[in-house]
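Here is the structure we will look at.
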Amino acid sequence: MKKAGILGGGQLGRMLLQAAVNYPVETYLMENEEKAPAAHLCHHFTKGDITRFEDVYDFGKHLDFLTIEIENVNLEALEKLCEEGVIVYPNPAALKIIKNKIQQKQFYLEHNIPTSAFVETHSIEELKNNAHLFPAVHKVSNGGYDGKGVQIIRNIEDCHKGFHTAAVLEKMVNIKQEIAIIIAVGNDGQIAIYPPVDMVFDQMLNLLSYQICPAEIPQSVFWKAEAIAINAVKNLKSPGLFAVEMFADNDGNVLINEIAPRVHNSGHHTIEGNYSSQFDMMWRIMLDYPLGNTAIIQSTALVNLIGEEGHSGDAIYFGMNEVLSMDNTFVHIYGKQKTKPGRKMGHITVISNEKQELLHKVNKIKNSLSVRSQTL
Ligand code: ADP
């Protein structure tokens, strides 16, 4: 049996391993936290730091292939493993471009992929010197995730919120909708495209509030978005699964925001909503089987279950009965022992071809389900 490695043991690793059960594959996982969401689902657990060269190299050298659940991994070790014949999804060259937001933006420019205007900054002074881009969004180049390492800079007074390190300052887009398209790329370069998702953000937490698939977008926006996503992914020249996040503005323009070179939150609904889920697809790619069918079975809405404000400690789930008493509602709890404000603790998928029903249920879920700690 093929030996597969996953770097990182959070919810993405957990759902990948749930799908791995159906395939002839032996799974290895490396993660620092022994009680991480995915830890008990792999065949072989290795405690280790995914950002350390030695840890990643030692973990990977006996494997057939490896994938990641987060970009912040040791790239040099993956490069060496690749040279020695271990296949890495995505390949290290693609990961290198994506891992660094400055390089990622330059990649879009080089390939004529529409994206918001930007400059590279390294200090607050440089940030202040680029006021012509305000209102703008400042993003640390390395290691940001889920809105962390992202600050909105509206004017000079906001500059103290910026980052005194390598970062991208990009013009703020007048966002009408945020959409994502997931594309699977096989080892032979063949692609399969998932229908677009409409992501609705919680402005306060800067986190996904809910998402709907398929996205309700004009045909022209759909064509632009699909063309942009295909162009971007093809130019990365790597097999794997890619979530392309885009903005549609009020004038019908589509701009690329970023690419995640891995399974992604914007694809969790595919577990119930599509014939081949993003996790099933990832195993088909890595095991060199034919790509799966990306078509939707029914429309879906997805709500992230986020740790409640003011609650830190052992997680307790409230409202599970109310949610599960609704038809066609599926709960995914990630098994994180501790909750804290804003932490992703799970998600709930609703399936129905009636948009009104989806939105009604999303509201009910948001009003009844919460995750809190014992301490308050
Ligand atoms: P992360 O990788 O941490 O998720 P993103 O680059 O996706 O960071 O930014 C987080 C959110 O900030 C986006 O989903 C979007 O709502 C907002 N945002 C990011 N870039 C821009 C931009 N250029 N204009 C307007 N809003 C933006």
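Order of appearance sets the numbers: ligands from 1, and atoms from 1 within every ligand.
- The distance criterion of under 3.5 Å between nitrogen or oxygen atoms is met by V173 with respect to ligand 1.
- Set against the non-hydrogen atoms of F201, the atoms of ligand 1 under 4.0 Å away are 14 (O).
- Among K139, E245, Q151, the residue whose heavy atom lies closest to atom 6 (O) of ligand 1 is K139.
- A distance of 6.0 Å or more separates the ring centres of F242 and H264.
- Of the listed residues (H43, H62, H44), just one forms a ring pair (Phe, Tyr, Trp, His ring centres under 6.0 Å) with Y28, and that residue is H44.
- At a 4.0 Å heavy-atom cut-off, ligand 1 touches K171 through the backbone alone.
- Each of the following atoms of ligand 1 lies closer than 4.0 Å to a heavy atom of I175: 25 (C), 26 (N).
- Contact atoms of ligand 1 toward E178: 13 (C), 14 (O), 15 (C), 16 (O) (distance under 4.0 Å to a heavy atom of the residue).
- When each atom of ligand 1 is checked for a heavy atom of M172 under 4.0 Å away, the hits are 24 (N), 25 (C).
- Distances from ligand 1 to the non-hydrogen atoms of M199 include no value under 4.0 Å.
- Within ligand 1, the atoms closer than 4.0 Å to a non-hydrogen atom of E170 are 20 (N), 21 (C), 22 (C), 23 (N), numbered from 1 in the order shown.
- Atom CD of E354 sits in a sparse spot, with 12 or fewer heavy atoms from other residues, nucleotides or ligands closer than 6.0 Å.
- If you look at H138 next to ligand 1, there are no close heavy atoms at all, none under 4.0 Å.
- A cation-pi arrangement is absent between R262 and Y89 under the rule of less than 6.0 angstrom and at most 45 degrees off the ring axis.
- Taking 4.0 Å as the cut-off between side-chain N and carboxylate O, R52 and D49 do not count as a salt-bridged pair.
- Within 6.0 Å of NZ on K366 lie more than 12 heavy atoms contributed by other residues, nucleotides or ligands.
- Annotation: cation-pi pair K80/Y57 present, NZ/CZ under 6.0 Å from the ring centroid and within 45° of its normal.
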